[in-house]
Protein chains: 2
Amino acid sequence: MSPDTPQPPGTARPGRSYHCHVEVTVDVIGGKWTPVVLAHLKEHDRLRFAQLRRLIPDITEKMLAQRLRELEAIQIVDRIPVSTAPPHVEYALTAQGRSLAPVLQAMWEWGRDWAATNRLAVDPVQFRH
Amino acid sequence: MSPDTPQPPGTARPGRSYHCHVEVTVDVIGGKWTPVVLAHLKEHDRLRFAQLRRLIPDITEKMLAQRLRELEAIQIVDRIPVSTAPPHVEYALTAQGRSLAPVLQAMWEWGRDWAATNRLAVDPVQFRH
DNA sequence: CGGGATCCTAAATGATACTG
DNA sequence: CAGTATCATTTAGGATCCCG
């Protein structure tokens, strides 16, 4: 196993006890990139690795792969190999992943409003096939 | 300035550019403890430092203080010194902080459901004055 | 009670190179 | 295209002591 693959979240972690439901959510989808990846998958239904990379310009391939492996392990994301020529891989939210929609939606809207209030520039990359 | 006071979030950070509104939200209320602190303040309206500490048993005083300073700096939380004998301090969400309610609510509900599905124990500390 | 100051550790993230 | 391996770094988080 890769030496810096993190513990799969969502599973009981040794010594981790929760005292608030919000802690659980943070444990599962916390981190810098996880909610961003999930938000894009929520918007686009199915995305290839390279498409996600383009939509999230500042993520490294390593981080993107790591987050996807993690989300796949806890069945929030499906990994779908597609046997075209050349073959590729698509990612999509599972039913459990789709249950995150209200969280992701609320985060998206709040970020939009906060950016407006504080005049922060947000420049989404437009989607390309 | 303390050597490990983080940059105030919400303000433009040097070199940080956003390509998704969700990134903004993560930047402002991301991290292990911030959403938990905010969720408790949302529930209880006003809480003293010591009360927050009890409600979040695993947080250290340093982290709690650091998160509160941060949230105060960007005006998501109000710090209210109360001149009783002995004096104490109360914390509350500002109007801007209250705008996070949908995010926190969605996170709380999702965490509750995920914990149930995965049989994770969550034992909230009961509130005490 | 409500912290600040120091020092330290571990996890998360990142750069770069390479591959089936 | 879709990754993995290695190495380096950043930074969040924590332990401890101290203080008005």
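Lettering of chains follows the sequences in order, A, B, ..., and the numbering in each one begins at 1.
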Practice item. Assess whether ring pair (Phe, Tyr, Trp, His ring centres under 6.0 Å) is satisfied between A:Phe127 and A:His44, documenting all intermediate values. Key: CA-CA 9 Å; A:Phe127 177 69; A:His44 296 284; 4.5 Å; yes
Exercise for review: Go through the steps to decide whether B:Val26 and A:Trp33 satisfy the test side chain to side chain contact (heavy atoms under 4.5 Å, CB included), and finish with yes or no.
Suggested key: CA-CA 8 Å; B:Val26 171; A:Trp33 296 117; over 6 Å; no
Review point. Should A:Leu64 and A:Leu52 be marked as a side chain to side chain contact (heavy atoms under 4.5 Å, CB included) after you check the CA-CA gap, both sets of side-chain angles, and the distance that decides it?
Key: CA-CA 8 Å; A:Leu64 180 54; A:Leu52 275 166; 3.9 Å; yes
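A straight line from CD of A:Glu90 to P of D:dC1 spans 14 Å, rounded to a whole angstrom. Taking atom CD1 on B:Ile59 and atom P on D:dA15, their separation rounds to 12 Å, with Å as the unit. Across the protein-nucleic acid pair, B:Ile29 atom CD1 and D:dA12 atom P stand 15 Å apart, rounded to whole Å. D:dA5 atom P lies 14 Å from atom CE of A:Met63, rounded to whole Å. Rounded to whole angstrom, the span from the CG atom of B:Leu68 across to the C1' atom of D:dG13 amounts to 15 Å. Separating the CZ atom of A:Phe49 from the P atom of C:dT19 is a distance of 18 Å, rounded to the nearest angstrom. Between the NZ atom of A:Lys62 and the C1' atom of C:dA15 there is a distance of 9 Å, rounded to whole Å. Here the C1' atom of nucleotide D:dT11 and the CG atom of B:Asp27 are 13 Å apart, to the nearest Å.
Using modelled atom types, one finds no donor on one side chain facing an acceptor on the other under 3.5 Å when comparing A:Thr25 with A:His21.
The phosphate of C:dA12 (OP1 or OP2) has no side-chain N or O of A:Trp33 nearer than 4.0 angstrom. One finds no side-chain N or O of B:Arg54 lying less than 4.0 angstrom from the OP1 or OP2 phosphate oxygen of C:dC1. Regarding contacts with the backbone of C:dG2, a side-chain N or O of B:Arg48 is found under 4.0 angstrom from either OP1 or OP2. OP1 or OP2 of C:dC1 has not a single side-chain nitrogen or oxygen of B:Tyr91 nearer than 4.0 Å. Look at A:Lys32 and you'll find a side-chain N or O under 4.0 angstrom from OP1 or OP2 of C:dG14. Applying the 4.0 Å criterion to OP1 and OP2 of C:dA12, one finds that A:Arg67 has every side-chain N and O outside that range.
Annotation for A:Ile56 and B:Glu23: closest pair CG2-OE2, 4.4 Å, computed over non-hydrogen atoms.
Distances were taken from every side-chain heavy atom of A:His88 (C-beta onward) to each of D:dA2, D:dC7, C:dC1; the shortest belongs to D:dA2. Which of C:dC1, D:dG3, D:dG13 sits closest to the side chain of A:Arg69 comes down to D:dG3. Comparing C:dT13, C:dG2, D:dA2 by their closest approach to the side chain of A:Gln66 singles out C:dT13. Listed nucleotides: D:dA2, C:dG3, D:dT4. Nearest to the side chain of A:Ala65: D:dT4. Among the nucleotides D:dT6, D:dA2, C:dC1, the one closest to the side chain of A:Arg79 is D:dA2.
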